Amino acid sequence: MLDAKLFRSELAQTAERLKVARNFLLDVERLEALEQQRKDLQVRTESLQAERNARSKSIGQAKAKGEDIAPLLAAVDDLGAQLEAAKAELNEVQTQLQDIIAGVPNLPDESVPMGADEDDNQEVSRWGTPREFTFEPKDHVDVAANIVNGMDFDQGAKLAGARFVVLKGQIARLHRALAQFMIDLHTTEHGYEEAYVPYLVNQETLYGTGQLPKFGEDLFHVKGATENQVPLSLIPTAEVPLTNLWRDEIADEHQLPIQYVAHTPCFRSEAGSHGRDTRGLIRQHQFDKVELVWLVQPEASMDTLEMLTGHAEKVLQLLELPYRKVLLCTGDMGFGAAKTYDLEVWVPSQQKYREISSCSNMWDFQARRMQARFRRKGAKKPELMHTLNGSGLAVGRTLVALLENNQQADGSVTIPKALQPYMGGVEKIG
RNA sequence: GGAGAGAUGGCAGAGUUCGGUUGAAUGCACCUGACUUGAAAUCAGGCGUGGGCUCGCGCCCACCGGGGGUUCGAAUCCCUCUCUCUCCGCCA
């Protein structure tokens, strides 16, 4: 959420920036009208409340002195109705304003290139060299098929439906090994605190990180057993529970920065991506991810984004997987991001780089929704934190990259040195 | 699953019986000043969050777990949801 003041004192400029940078059209006239109404109604409501408070107080005083309060009660007779009407009107207007503002995307940082879609993203760097195969490389589904049926999409479909998978044997272990390796790296080398979090969260939590109100159709929602039980939703990423740990909290300055790492499954409905990446592990309704989250002071967030991205890169480097780092343009960034780097890993079967990590600085966008704040030493007012998150990495897609890049002519798959301790010391599988 | 108790400011903890000048006693923590070579101790003062109006001084509104209700007026009464604790039962 953007600062509401931007919609009052700098409405025209804000609308222009949103249009240019995010192709987001703000209904300026409607906002202006609503804001004017809000102002009038709020002043009226509050003065009615002030009047009611004053009169109620005098009734109390009169009663304490044993005076007759009947005339005072009569004088206050129609105040209640007036106040109720004003309140209702104000409420309506504020709900409308809130709906508009909650649906406005974040403004990009100055360093983000302008652009319409992914074609305008900027490649920042490449690491590693895609391997020259002396044979026709298979895709990960076929590579896995060679390893005693370690990846079974039919069984996934049988148990749950399309876009679900069952992993077994060495593939299942490799999948687990990758997650363990990533967590250990981030906790021991990069200073993250490991966290285990709920996979189901409530609506306030989803609002805090920006999934609601706008992107509810991307999630799986779980109805309570009884009618008036609170609705919960499966997390689409651990960013949601981790960042919300500081919702409605005020940290002391010395507690920052805070860094969390968690390994969780992620659940996405993938509504609107029918027919895309239907084969294989690339796009599933359920996938595992190791997520990195930072909560920092505003002045530190830009440097932190570089650090965070570096931590995700380190995983790819230690796994010896070729990748490139891409700076997303204004048009390709997520709803709440101010700046995002994607890491894309080389996928031999597709002869292209595919997203395996997305690292974003959300600026104060989520913090404002969540009221996640901190207080500087000696300062009176708390300030909004900045929040950042990034995948370090998506485990399923890492498995894809490893199987494809490390496949051998004989159908086996080599295990990178860094991962071997997590695989019982074996150098290859299959 | 059954029975009961509770949720108040950064923390602890009054107030809820019998609704009224209570944004809320008190203690701790914290900030400023005095004393001190410095610190501790002591003393004085300050010290919640969000919002509105105003050039400003400042004034006003809301908030005692969430939502709704009764009332001129609710931390206090009623309904409901959530969470916490105790006991019993069951259980990975």
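First the proteins, then the strands, lettered A, B, ... as listed; each starts at 1. All of these numbers come straight from a predicted model, not from anything done at the bench.
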Working for side-chain hydrogen bond (donor to acceptor under 3.5 Å, both in side chains), residues A:Lys339 and A:Ser111: CA-CA 8 Å; A:Lys339 184 174 185 175; A:Ser111 61; 2.9 Å; yes
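- Separation of the P atoms belonging to B:G73 and B:G20 is 15 Å when rounded to the nearest angstrom.
- Rounded to whole Å, atom P of B:C60 lies 14 Å from atom CD of A:Glu51.
- The 5' end of RNA chain B is approached more closely, in terms of each residue's nearest nucleotide, by A:Gln61 than by the other of A:Thr45 and A:Gln61.
- For the pair A:Lys87 NZ and B:G67 P, the interatomic distance rounds to 12 Å; values are reported in whole Å.
- Regarding A:Asn91, its CG atom lies at a distance of 15 Å from the P atom of B:A62, rounded to whole Å.
- Computed from coordinates, the A:Phe374 CZ to B:U49 C1' distance equals 17 Å when rounded to whole Å.
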Assess whether side-chain hydrogen bond (donor to acceptor under 3.5 Å, both in side chains) is satisfied between A:Thr205 and A:Asn244, documenting all intermediate values. CA-CA 6 Å; A:Thr205 301; A:Asn244 272 281; 4.6 Å; no
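- There is a side-chain donor-acceptor pair under 3.5 Å between A:Asp40 and A:Gln36.
- When the side-chain nitrogen and oxygen atoms of A:Arg375 are compared with OP1 and OP2 of B:U49, one or more of them lie within a distance under 4.0 Å.
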Would you tabulate the nitrogen or oxygen pairs shorter than 3.5 Å linking the protein to nucleotides 72-76 of chain B?
residue	atom	partner	partner atom	Å
B:C72	O2'	A:Ser56	OG	3.1
B:G73	O4'	A:Ser56	OG	3.0

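- Ring planes of A:His190 and A:Tyr192: perpendicular class, angle over 60° (limits at 30 and 60°).
- When distances are taken from the side chain of A:Val43 to each of B:U21, B:G50, B:C53, the shortest belongs to B:C53.
- Between A:Lys325 and A:Glu313 there is a salt bridge, since at least one side-chain N of the basic residue sits less than 4.0 Å from a carboxylate O of the acidic one.
- Here A:Asp152 does not pair with A:Lys158 in a salt bridge; the nearest charged N to carboxylate O distance is not below 4.0 Å.
- Checking B:U82 for Watson-Crick or G-U wobble geometry (two distances, each under 3.5 Å) identifies B:A7 as its partner.
- In this structure, B:A92 forms no base pair with any nucleotide, since neither Watson-Crick nor G-U wobble geometry is met with both distances under 3.5 Å.
- Separation of the P atoms belonging to B:G4 and B:A41 is 49 Å when rounded to the nearest angstrom.
- At least one side-chain heavy atom of A:Arg163 sits under 4.5 Å from a side-chain heavy atom of A:Ser273.
- Pairing of B:U42, defined by two Watson-Crick or G-U wobble distances under 3.5 Å, is identified with B:A34.
- Base pairing of B:C59 is made with B:G52, judged by Watson-Crick or G-U wobble geometry with both donor-acceptor distances under 3.5 Å.
- Put simply, CG on A:Asp252 is 11 Å from P on B:C11, counting in whole angstrom units.
- The P atoms of B:U82 and B:C43 are separated by 49 Å, rounded to the nearest whole Å.
- Across all strands shown, A:Gln42 has heavy atoms under 4.0 Å from sugar-phosphate atoms exclusively, and none from any base.
- When the C1' atom is used for both B:A12 and B:C55, the distance is 44 Å, rounded to whole Å.
- Annotation: B:C60 and B:A5 have their P atoms spaced 41 Å apart (nearest Å).
- Between B:U26 and B:G15, the distance separating the two P atoms is 15 Å to the nearest Å.
- Judged by distance alone, the side chains of A:Glu306 and A:Tyr341 do bring a donor and an acceptor atom under 3.5 Å apart.
- Residue whose closest nucleotide on RNA chain B sits further toward the 5' end, between A:Ala50 and A:Arg373: A:Arg373.
- Between the CG atom of A:Asn202 and the P atom of B:U82 there is a distance of 12 Å, rounded to whole Å.
- No contact: A:Arg44 has no heavy atom under 4.0 Å from any strand.
- Going from the C1' atom of B:G48 to that of B:A24 covers 11 Å, rounded to whole Å.
- Between A:Glu35 and A:Arg38 there is a salt bridge, since at least one side-chain N of the basic residue sits less than 4.0 Å from a carboxylate O of the acidic one.
- The aromatic ring centres of A:Phe335 and A:Phe365 sit less than 6.0 Å apart.
- When all heavy atoms of A:Met151 and A:Leu281 are compared, the closest pair comes out as CE-CD2, 3.8 Å.
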Tabulate atom names and distances for all N/O pairs under 3.5 angstrom spanning the protein and nucleotides 77-79 of chain B.
none

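- Summarising the base pairing, B:C87 is matched to B:G2 through a Watson-Crick or G-U wobble pair whose two defining distances lie under 3.5 Å.
- Atom CG in A:Leu232 sits about 13 Å away from atom C1' in B:C81, given to the nearest Å.
- As rounded to whole Å, 16 Å separates atom P of B:A62 from atom CZ of A:Arg38.
- The separation of B:G13 from B:G68, taken at their P atoms, amounts to 30 Å, rounded to a whole angstrom.
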